Each structure stands twice: as structure tokens, then as C-alpha cells.
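Written out below as C-alpha cells is the structure these notes cover.
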Amino acid sequence: MKTTRSSEEYHRAELLFPGGVNSPVRAFRNVKRDPLFIEKGQGAWLFDVDGNRYLDYVGSWGPLLFGHAHPEILNAIHQAAQRGTSFGAPTPGESQLAELIRQFFPSMQMMRFVNSGTEATMSALRLARGFTGRAKFIKFAGCYHGHGDSFLVKAGSGALTFGEPDSAGVTKGTATDTLTATYNNLEEVETLFANNPDQIACVIVEPVVGNMGTVPPQPGYLQGLRKLCDDNKALLIFDEVMTGFRVAKGGAQERFEVKPDLTTLGKIIGGGLPVGAYGGSAEIMQSLSPLGKVYQAGTLSGNPLAVAAGTAMLKLIQDNPGVYEQLEKKGQKLCDGLQLALQKASIPGIVQRVGSMFTLFFTERQTIENLDQVLACDRDKFVKFFNGMLAKEVYLAPSPFEAAFMGAAHSESDIDMTIKAAEEVLLDMARAGK
Ligand SMILES: *Cc1c(COP(=O)(O)O)cnc(C)c1O
């Protein structure tokens with residue numbers, strides 16, 4: 001695999017962007033190689049600037065449920081662009097997308113569009129604080145809610161990757177209002193509520209964690225959070241930026257049948273363009289300006305191109321009602337194959353999956369339930385596995401703390417190829433380890 005052009009582009013970019021990238025996990029530092037620069041994507045495949053191709057399990061980190069360059073999404077963007085790219089005034093397209101979202105997420109009676117998942121979670125937190133008149137909130141170690149200051153305490157994803165859970169530049173004052181607990185542990189949440197009576201505005205959670213690798217909620221956990229929030233008059237926020245339209249058409253709240261007070265969305269609802277949304281009951285949402293006292297705004301919010309791409313994406317979901325069942329089946333087949341490949345090579349590990357998001361953890365454990373257990377996994381093995389798979393044209397997230405995403409564009413033969421590659425790579429690793 002020749003990657004000279006990618007390396008040239010990387011050196012050029014290093015002079016322009018810190019670490020050569022515009023988002024840290026793209027830098028490939030975790031997997032000890034230069035990042036690949038991408039020329040184009042088509043369906044489930046990515047093509048780099050050297051002309052190599054890869055079966056893509058990153059999918060732009062979640063949004064690409066129907067693969068790259070889907071003709072219906074491209075067409076929607078093209079049509080919208082011809083009418084103008086931004087007006088700073090309302091358009092019917094925004095209501096069309098919102099009506100579609102509400103159909104799948106009935107808990108989002110009203111919503112507001114923003115430009116990223118980060119904006120959605122920052123704004124939802126401000127709204128929860130404004131609505132309850134309380135300052136503190138609870139988040140869970142390893143959950144990532146974008147790069148807003150208050151959330152960069154025990155955050156997952158890129159913030160973890162660099163062994164720097166708390167970012168420099170986040171003040172102590174900000175961090176003191178952020179209370180953290182262990183994911184899948186209700187007792188800790190109960191204790192935090194008991195120790196901070198009438199002070200906690202909300203609990204925010206990734207209902208299925210994707211940002212420390214795929215970690216599902218234990219049975220009863222989300223229901224338990226719901227009850228603790230109700231008992232303490234705090235709001236429950238499901239950050240479904242990743243899980244929304246991913247683990248089910250109605251997200252984790254449909255899959256696990258728990259209704260949050262506020263939901264944040266992003267990724268898939270933008271069809272690959274920058275969009276975020278947050279929403280909940282009319283009562284809570286009407287606390288936002290111009291009706292209420294919580295301020296939040298955006299020059300490009302509800303951007304016509306982004307809204308058109310998102311609408312096309314959700315229509316694809318609507319028109320393909322079997323898609324989640326197919327993803328479930330394909331996900332099962334792939335993950336069973338990967339688990340068997342681990343066994344054949346006698347390398348300890350488990351594959352955790354919810355729908356079409358999954359992670360292979362190199363561990364002796366039978367399940368991974370929280371951040372401490374994730375951090376105890378074997379990272380050297382991950383580096384070898386990642387690079388081995390890449391050499392066999394399989395592109396996984398370049399970090400052990402991420403979920404892989406499969407989409408409708410991944411075919412049965414793509415899955416077979418992935419399993420075969422994994423078997424070979426793991427056997428090579430086993431041999432080299434002897
Ligand atoms: C990706 C992600 C975010 C942040 O979204 P951006 O669009 O990257 O700002 C927030 N929460 C979760 C759960 C995410 O996966």
C-alpha cells in the first residue's frame with residue numbers, strides 16, 4: 001500500500017493546522033502512522049489520494065447511514081443550492097425536516113436546529129439550567145457530548161485518546177458544576193443527588209455509549225436514571241447525536257423504551273452536512289428566546305442545504321422500513337465472524353454491538369460496562385489490528401475508544417471480506433506474539 005501522496009498532503013497540512021487536522025482523532029497518532037487523505041467516497045468505500053481503496057467502517061464518524069455520495073442526498077443538495085445557500089430567514093424546509101424528526105422522535109414535540117452536535121448539547125444544557133434554575137449537572141465518565149467547556153470533564157472519544165480527559169483552558173469554576181459518575185452505576189447517581197439536593201439541573205447520558213467504544217446500557221439502567229431524575233425534579237437528557245437514527249429509527253429512546261425530557265441529535269440528521277438539533281416538550285422548549293429567557297442563536301442554523309440533505313436522509317429511512325432489521329442482521333453476522341476470528345487466533349477479546357454500531361475490545365473480560373474497563377483493554381493489540389486491517393483495505397476508526405459503523409451500503413460480500421481480513425490479521429498477530 002503506497003501512501004506517499006497522503007504523507008505529502010499531511011506535511012503540507014501540518015504547517016496550516018495543529019497536528020495537520022481540523023479534528024484531533026483524524027490525526028492517526030493513536031495508531032502510529034500518518035493519516036490518509038481522502039479523494040472521494042462511493043457507497044461503502046473510501047478512496048485516498050494515492051488511489052488506494054478501503055471498506056469504510058467510520059462513515060464520517062456516524063452520519064453516513066446510506067454510504068458515501070448517495071444519489072438522492074446529492075440531488076437534494078444540488079436542488080437546494082440552486083435556490084441559494086443561506087437566507088438568515090425561515091424556510092419551509094426547516095419545518096419539513098422537523099416534522100420528519102418528530103415523527104420518529106415523538107418526545108421532541110418542539111426543537112431547534114443548530115450546526116453541530118456540540119452546539120446541540122451545549123444549548124440543551126443551558127436550557128435545562130435555565131428551565132430548572134439549577135447550576136449543576138451529572139455526566140458519565142467516558143461519555144462524550146461535544147467539546148463544550150462543561151462537558152470536557154472525563155469526556156470520551158478524542159479527549160480520551162490523548163490521555164487528557166480534562167482539557168486545558170476549562171476553568172475550575174466551570175468544572176465544579178460538572179458532576180461525574182460511572183456509566184451503568186445507578187448508586188453513584190443516587191449519591192450525587194443526595195449530596196446536592198435541589199442543585200442538579202439535569203443528567204446527560206449517551207443512552208448507548210459510542211465514544212468509549214460501544215458500551216450498551218445494562219438492563220434497567222436507563223429506566224433507573226429516568227426515575228432518579230423524576231424523584232429529584234431534574235431533567236433527563238439523552239444525547240442521541242450518535243444513536244439517533246442509528247440504533248433504531250427512533251434512537252435509543254425507542255429501542256429501550258425510555259422517554260427523556262430533552263434529546264440532542266446530529267450526525268445522521270444532516271445527511272453528511274453540518275446539522276444538530278435539540279428538542280423536547282413544548283413547555284421546556286418555550287423557555288428559549290424569543291419566547292423565553294434562555295438565549296441561543298445561529299447565523300447558519302437551519303441552513304437550507306443541510307436541511308435538504310437531512311430531509312433526503314430521513315426520507316430514505318422512511319422509504320426503506322426494513323433497513324434497521326437488515327442492519328441488525330448484517331451487524332450480527334459481522335460481529336459473530338469477528339468473535340470467531342478472535343477465538344481461532346486464541347486472542348482474548350470481545351465484540352460489543354448495538355444495531356449497526358460495534359467495537360472489538362482486546363480484553364479477557366466477558367463484558368465491558370464502563371470507562372475503567374475500557375481503559376484496561378490492550379491498546380498495543382489494537383494498534384496492530386488497526387494497521388493490519390488497513391493493509392487489507394478495511395478502514396476502522398483510528399482509536400481503540402470508538403465505535404465502528406456499518407451502513408446500508410455494506411454488502412454481504414463486504415462483510416465476508418472483513419471477516420476474512422480479521423481472521424488473517426489476528427492469526428498473524430497470534431503467530432508474531434509467540
Ligand atoms: C459526535 C458527538 C457529539 C458532538 O457532535 P459534533 O457534531 O462533533 O460537534 C456529541 N455527542 C455525541 C454522543 C456524539 O457522538
Side-chain angles (χ1 to χ4, degrees), residues 21-27 57-65 105 112-126 128 137 139-161 167 178 183 202-217 222 225 236-248 251-253 255-256 260 262-279 296 298 300-303 306 309-310 313 354-359 371 374 397 399 401-405:
V21 291
N22 285 300
S23 193
V25 284
R26 296 179 194 167
Y57 285 102
V58 177
S60 187
W61 301 88
L64 303 182
L65 192 66
F105 282 76
R112 180 161 279 171
F113 288 133
V114 289
N115 303 293
S116 66
T118 293
E119 271 187 71
T121 52
M122 277 169 41
S123 311
L125 176 62
R126 184 183 305 143
F137 76 102
K139 78 176 285 291
F140 299 95
C143 284
Y144 178 67
H145 304 294
H147 65 84
D149 281 9
S150 321
F151 296 118
L152 286 180
V153 179
K154 298 197 181 173
S157 191
L160 254 188
T161 307
S167 167
T178 304
Y183 189 75
C202 63
V203 172
I204 185 167
V205 65
E206 284 185 76
V208 174
V209 193
N211 285 294
M212 54 176 159
T214 307
V215 178
L222 297 174
L225 291 180
L236 177 62
I237 306 179
F238 274 7
D239 180 357
E240 299 229 42
V241 170
M242 186 182 285
T243 53
F245 298 98
R246 169 61 62 184
V247 299
Q253 52 197 269
R255 192 171 173 125
F256 297 97
L262 286 171
T263 300
T264 56
L265 295 173
K267 299 195 171 123
I268 289 177
I269 63 158
L273 266 66
V275 186
Y278 62 106
Q296 186 270 312
L300 292 176
S301 292
N303 174 265
M313 173 69 88
V354 178
S356 56
M357 55 189 270
F358 61 93
T359 302
L371 181 61
V374 169
S399 157
F401 311 120
E402 301 288 352
F405 300 106

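First listed ligand is number 1; within each ligand, the first listed atom is number 1. Owing to the predicted nature of the structure, the values given are computational and were not obtained by experimental measurement.
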Quiz item: Can we call the ring centroids of Phe105 and Phe245 under 6.0 Å apart?
Solution: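 Yes, ring centres under 6.0 Å apart.
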
Quiz item: In terms of side-chain heavy atoms, does Thr264 have a donor or acceptor partner in Asp239 at a distance below 3.5 Å?
Solution: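 A donor-acceptor contact under 3.5 Å links the two side chains.
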
Quiz item: Have Thr263 and Gln253 got a donor and an acceptor in their side chains that come within less than 3.5 Å?
Solution: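 Present: a donor and an acceptor within the cut-off.
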
Exercise. Tell me the residues surrounding ligand 1, counting only those with a heavy atom closer than 4.0 angstrom, sorted by chain and number.
Key: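 Residues within 4.0 Å of ligand 1: Ser116, Gly117, Thr118, Tyr144, His145, Gly146, Glu206, Asn211, Asp239, Val241, Met242, Lys267.
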
Quiz prompt | Qualifying residues under side chain to side chain donor-acceptor pair (under 3.5 Å), relative to Ser123, sequence neighbours excluded | solution =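 If we apply the side chain to side chain donor-acceptor pair (under 3.5 Å) test to Ser123, skipping adjacent residues, there are no hits.
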
Exercise. State which residues pass side chain to side chain donor-acceptor pair (under 3.5 Å) with Tyr57; sequence neighbours excluded, sorted by chain then number.
Key: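 Checked Tyr57 against side chain to side chain donor-acceptor pair (under 3.5 Å); matches are Thr418.
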
Practice problem: With sequence neighbours excluded, tell me which residues meet salt bridge (charged side-chain N to carboxylate O under 4.0 Å, His left out) with Arg255. | Solution: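 Arg255: salt bridge (charged side-chain N to carboxylate O under 4.0 Å, His left out) contacts with Glu328.
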
